[in-house]
S.K.: 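Structure provided below as structure tokens; questions to follow.
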There are 2 protein chains.
Amino acid sequence: MPRTRKTEFTSSDNCIAEYAKALAHPARVAIVRLLAQKQTCICGDIVDELPLAQSTVSQHLKALKDAGLIQGSIDGTKVCYCLHTEALQQIRDLFGNLFDRLIDHSCC
Amino acid sequence: MPRTRKTEFTSSDNCIAEYAKALAHPARVAIVRLLAQKQTCICGDIVDELPLAQSTVSQHLKALKDAGLIQGSIDGTKVCYCLHTEALQQIRDLFGNLFDRLIDHSCC
DNA sequence: AATATTCATCGTAATTTTGCGATTAAATAA
DNA sequence: TTATTTAATCGCAAAATTACGATGAATATT
């Protein structure tokens with residue numbers, strides 16, 4: 001009997017994967033950590049903290065913004081970025097739900 | 001004055017990014033969730049649960065194994081996979097440290 | 001021994017990601 | 001007004017990811 005196969009991933013799995021993809025590069029992790037550490041919203045100083053060109057950092061900022069992890073607000077010629085708390089809370093919840101129930105399953 | 005630029009990412013950021021990359025595809029998230037739900041170690045049944053060809057699923061399993069998230073043990077012609085608890089604990093810790101301190105920073 | 005099952009690996013194509021310099025747009029400063 | 005600063009976007013090249021069928025290796029079954 002030929003086996004039937006699922007046709008899609010669940011929206012939860014897609015959502016988690018999308019968030020994970022947003023953090024799947026050390027530059028983007030560094031940006032998030034920077035914004036988490038400094039209580040003030042940093043902007044172009046992020047570029048100075050990363051071993052990448054300005055245009056590349058801008059791309060990573062856009063990726064984080066598209067994923068909903070950060071927000072940017074214009075202040076003169078500068079742009080001030082900060083974390084989007086609700087999204088990060090959701091990430092914590094999603095990853096928590098994913099991992100919480102597996103504390104003592106050593107089956108191999 | 002020309003600005004100095006960092007030359008590397010921290011090992012912590014690299015580590016988090018690597019873990020995030022392992023979960024940056026819905027198929028791999030689905031595999032982890034499957035292994036977290038079933039207390040028994042599943043093997044090729046994973047293929048039937050995913051909308052992907054066997055060879056593709058095998059690649060995703062390898063990616064998860066290379067990242068240290070799962071382990072596989074051979075049982076006859078079958079292979080039994082299970083989660084690698086320590087790595088998942090480390091992920092929880094790393095992401096927890098990254099996100100914990102940012103509860104009430106709304107600066108934008 | 002011959003066949004079947006299970007799963008990893010190979011080879012390849014299509015797509016996505018990453019990175020940079022150059023350019024552009026917008027606001028400020030001179 | 002004319003420069004200068006800041007940051008986004010464009011265009012492009014290199015690398016990585018994703019997906020599949022075909023093949024191979026190992027064990028189990030007949």
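Throughout, a chain's letter reflects where its sequence line sits, starting with A, and its residues are numbered from 1. What you see below is based on every heavy atom in this structure, not just the backbone, and it leaves out hydrogens, waters and symmetry mates. The model shown is predicted, which means the values in this text are computed figures rather than measured ones.
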S.K.: Working to the nearest 0.5 angstrom, can you tell me the gap between B:His60 NE2 and B:Leu50 CG?
M.R.: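 Answer for the NE2-CG pair, B:His60 versus B:Leu50, is 8.0 Å.
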S.K.: Rounded to whole Å, please give me the gap between CG in B:Asp66 and C1' in D:dT17.
M.R.: 14 Å
S.K.: Of the options C:dT6, D:dA22, D:dA19, whose atoms approach the side-chain atoms of B:Ser55 most closely?
M.R.: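 In terms of side-chain proximity for B:Ser55, the closest of C:dT6, D:dA22, D:dA19 is D:dA22.
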S.K.: Please report the distance, rounded to the nearest Å, between CD in A:Glu18 and C1' in C:dT17.
M.R.: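 Distance, rounded to whole Å: 15 Å.
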S.K.: For D:dT6, does OP1 or OP2 lie under 4.0 Å from any side-chain N or O of A:Thr77?
M.R.: no
S.K.: Closer to the 5' end of DNA chain C via nearest nucleotide, is it A:Thr56 or B:Val79?
M.R.: B:Val79
S.K.: What integer distance in Å separates B:Lys65:NZ from C:dT9:P?
M.R.: 7 Å
S.K.: The side chain of A:Leu52 lies closest to which of these nucleotides: D:dA8, C:dG19, C:dA8?
M.R.: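 Among the listed nucleotides, the one closest to the side chain of A:Leu52 is C:dG19.
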S.K.: Within residues 19-28 of chain B, find the residues that approach DNA chain D with a heavy atom at under 4.0 Å, and present them sorted by residue number.
M.R.: B:Lys21, B:His25, B:Arg28
S.K.: May I have the distance from A:Asp75 (atom CG) to C:dA26 (atom P), rounded to whole angstrom?
M.R.: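 After rounding, the reported distance stands at 17 Å.
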S.K.: Rounded to the nearest angstrom, tell me the gap between atom CG in B:Leu61 and atom C1' in C:dT9.
M.R.: 14 Å
S.K.: Rounded to the nearest 0.5 Å, how far apart are OG1 of B:Thr85 and CD of B:Gln71?
M.R.: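 Nearest 0.5 Å value for the OG1-CD distance: 7.5 Å.
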S.K.: Could you tell me the separation between the CZ atom of B:Arg28 and the CD1 atom of B:Ile70, rounded to the nearest 0.5 Å?
M.R.: 10.5 Å
S.K.: Side chain of B:Gln54 only, please: which of D:dA7, C:dT6, C:dA8 is the nearest?
M.R.: C:dA8
S.K.: At less than 3.5 Å, do the side-chain atoms of B:Gln59 and the base atoms of D:dA19 form a donor-acceptor pair?
M.R.: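 For B:Gln59, whose side chain was compared with the base of D:dA19, there is a donor-acceptor pair (under 3.5 Å).
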S.K.: Would you tell me if any nitrogen or oxygen in the side chain of A:Tyr81 comes within less than 4.0 Å of OP1 or OP2 on D:dA8?
M.R.: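 Yes.
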S.K.: Please state how far atom CG in B:Leu64 lies from atom P in C:dC7, giving the value in whole angstrom units.
M.R.: 16 Å
S.K.: Between C:dT18 atom C1' and A:Leu50 atom CG, what is the distance in whole Å?
M.R.: 14 Å
S.K.: A:Asp45 CG to D:dA7 P: how many Å, rounded?
M.R.: 8 Å
S.K.: Output the single nucleotide from D:dT9, D:dC20, D:dA8 whose closest atom is nearest the side chain of A:Lys62.
M.R.: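 The nucleotide sitting nearest to the side chain is D:dT9.
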S.K.: Identify the two heavy atoms, one from A:Leu35 and one from A:Leu83, that lie closest to each other, and give their separation to 0.1 Å.
M.R.: CB-CG, 3.6 Å
S.K.: Does B:Ile74 or B:His60 map to a spot on DNA chain D nearer the 5' end, using the closest nucleotide for each?
M.R.: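 Going by which nucleotide is closer to the 5' end, it is B:His60.
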S.K.: Which value, rounded to the nearest 0.5 Å, describes the distance between A:Tyr81 atom OH and A:Leu61 atom CG?
M.R.: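 CG of A:Leu61 is found 4.5 Å from OH of A:Tyr81.
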S.K.: Can you see which heavy atom on B:Phe9 is nearest to which on A:Ala27, and at what distance?
M.R.: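 Scanning both residues, the minimum pair turns out to be CE2-CA, 3.4 Å.
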S.K.: Could you give the distance from CG (B:Leu69) to CG (B:Leu23), rounded to the nearest 0.5 Å?
M.R.: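 The CG atom of B:Leu23 is 5.5 Å from CG of B:Leu69, to the nearest 0.5 Å.
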